[in-house]
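These notes concern the structure reproduced below.
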Amino acid sequence: MGSTSLRVYGGVAGNDRKAERRAQLIEAGLELLGTGDGEQGVTVRGVCKRSGLTARYFYESFADRDELAVAVFDHVVSGIATATLEAVESAPSGTRAKVRAGLATIVRTVAEDPRRGRLLFSPALSSTVLAHRRVDSTRMFARLLGGQVREHYGIGGSTALDLMTEFLVGGLAQALTSWLNGVLDLTEEGLVEHCLEMFLAVQGGRLETSEAAAVRRAGAG
């Protein structure tokens, strides 16, 4: 019988073992990035020591430490995005309830594991690869918010909506950064409630303005 990556050892298939090792390396990377001295403190040797794996297994999944840092960042962002969408979808109907559910999930997910907040917002982690990832993640969350708004209100996309979502997501990121750094003296619940009111004010005002403009255009036609 020929060699295969799917060969089973100890009841675990080869691809499953590889996925488990990759998860161990990502967790080790998160620990070092989220609690250490920044990216300069993340070395292949350090990650291997933290994960209990050898360099052979590091290079099985990652070409270098930058590739690991990107994988750690994407893992955290994906987890937050998934949890937020699930919270919004399961929340009671109504704009306030759904916006609160989404905001509360984001704040709680970042607050309950400070490593995530540091990875997403700390200026100590400012390499080119992570800077690009932060820009990409902001745009991704803006697209998700835009999709939720379009679905909730039954409206089409527009430049005004794109601007609104970029504004809200960027503002939330800055608020979270200041809150995690202790600049904003608010409880977790207080932060959620303040952000909720601002989201609703900006979102409602922007949509009302857009709807009024549409009515005027229709009347002029």
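Source: prediction; values computed, not measured.
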Looking only at heavy atoms, what is the nearest atom pair of [X] and [Y], with distance?
| X | Y | value |
| --- | --- | --- |
| Glu188 | Ala111 | OE1-CB, 3.9 Å |
| Ala97 | Ala91 | O-CB, 3.9 Å |
| Leu25 | Val47 | CD2-CG1, 3.7 Å |
| Ile80 | Thr84 | O-OG1, 2.7 Å |

So, are Arg22 and Glu60 salt-bridged, with charged N and O less than 4.0 Å apart?
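Salt bridge between Arg22 and Glu60, a charged N being under 4.0 Å from a carboxylate O: no.
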Verdict with reasoning, Gln24 to Leu53, per side chain to side chain contact (heavy atoms under 4.5 Å, CB included):
CA-CA 8 Å; Gln24 286 177 253; Leu53 298 171; 4.1 Å; yes
Would Ser137 and Phe73 count as a side chain to side chain contact (heavy atoms under 4.5 Å, CB included) if you check the C-alpha gap in whole Å, the side-chain angles of each, and the deciding distance to 0.1 Å?
CA-CA 9 Å; Ser137 68; Phe73 190 92; 3.8 Å; yes
With the side chain counted from C-beta on, respond yes when Val192 and Arg100 share a heavy-atom pair under 4.5 Å apart, and no when they do not.
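Yes, side chains in contact.
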Can you find a heavy atom in the side chain of Leu196 that is under 4.5 Å from one in the side chain of Leu200?
yes
Results of side chain to side chain contact (heavy atoms under 4.5 Å, CB included) for [X] - residues two or more places apart only:
| X | answer |
| --- | --- |
| Arg50 | Ala28, Glu31, Leu32 |
| Leu180 | Val110, Phe121 |
| Ala23 | none |

Can you list the steps and then say if Leu85 with Gln148 is a side chain to side chain contact (heavy atoms under 4.5 Å, CB included)?
CA-CA 9 Å; Leu85 284 175; Gln148 291 293 314; 3.5 Å; yes
Does Ile106 belong to the same Ile/Leu/Val/Met/Phe/Trp/Tyr cluster as Met198, with side-chain heavy atoms less than 4.5 Å apart forming each link?
no
ILVMFWY network linking Val88 to Val149, side-chain heavy atoms under 4.5 angstrom
no
Got more than 12 heavy atoms from elsewhere within 6.0 Å of [atom1], [X]?
| X | atom1 | value |
| --- | --- | --- |
| Glu151 | CD | no |
| Asp64 | CG | yes |
| His152 | NE2 | yes |

So, the side chain of [X] versus the backbone of [Y]: is there a donor-acceptor pair under 3.5 Å, distance only?
| X | Y | result |
| --- | --- | --- |
| Trp179 | Leu186 | yes |
| Arg116 | Thr109 | yes |
| Ser61 | Phe58 | no |
| Asn181 | Val183 | no |
| Arg150 | Gly156 | no |

So, taking the atom named CD1 in Ile26 and the one named NE2 in His75, what distance separates them when rounded to the nearest 0.5 Å?
6.5 Å
Spacing of CG belonging to Leu184 relative to NE2 belonging to His194, to within rounding of 0.5 Å:
9.5 Å
Could you tell me if Gln203 and Tyr153 have a donor-acceptor pair between their side chains, going purely by distance under 3.5 Å?
yes
For a side chain to side chain contact (heavy atoms under 4.5 Å, CB included) check, start with the C-alpha distance between Arg143 and Met140, then their side-chain angles and the critical distance, and finish with the verdict.
CA-CA 5 Å; Arg143 288 195 299 271; Met140 183 270 289; 3.8 Å; yes
Under the rule for side chain to side chain donor-acceptor pair (under 3.5 Å), what residues qualify as partners of Glu197, not counting sequence neighbours?
Arg96
Tabulate below the donor-acceptor pairs under 3.5 Å that side-chain atoms of residues 160-176 make, not counting sequence neighbours, or state none.
residue	atom	partner	partner atom	Å
Thr165	OG1	Leu161	O	3.2
Thr165	OG1	Asp162	O	2.9
Gln174	NE2	Ser178	OG	3.3

Anything under 3.5 Å between a donor and an acceptor, one on a side chain of residues 127-134, the other on a protein residue two or more places apart or in another chain? List them.
residue	atom	partner	partner atom	Å
Ser127	OG	Glu39	OE2	2.3
Ser127	OG	Leu130	N	3.4
Arg133	NE	Asp74	OD1	2.7
Arg133	NE	Asp74	OD2	3.2
Arg133	NH2	Asp74	OD2	2.9
Arg134	NE	Leu120	O	2.9
Arg134	NH1	Ser122	O	3.3
Arg134	NH1	Leu125	O	2.7
Arg134	NH2	Leu119	O	2.8
Arg134	NH2	Ser122	O	3.0
Arg134	NH2	Leu125	O	3.1

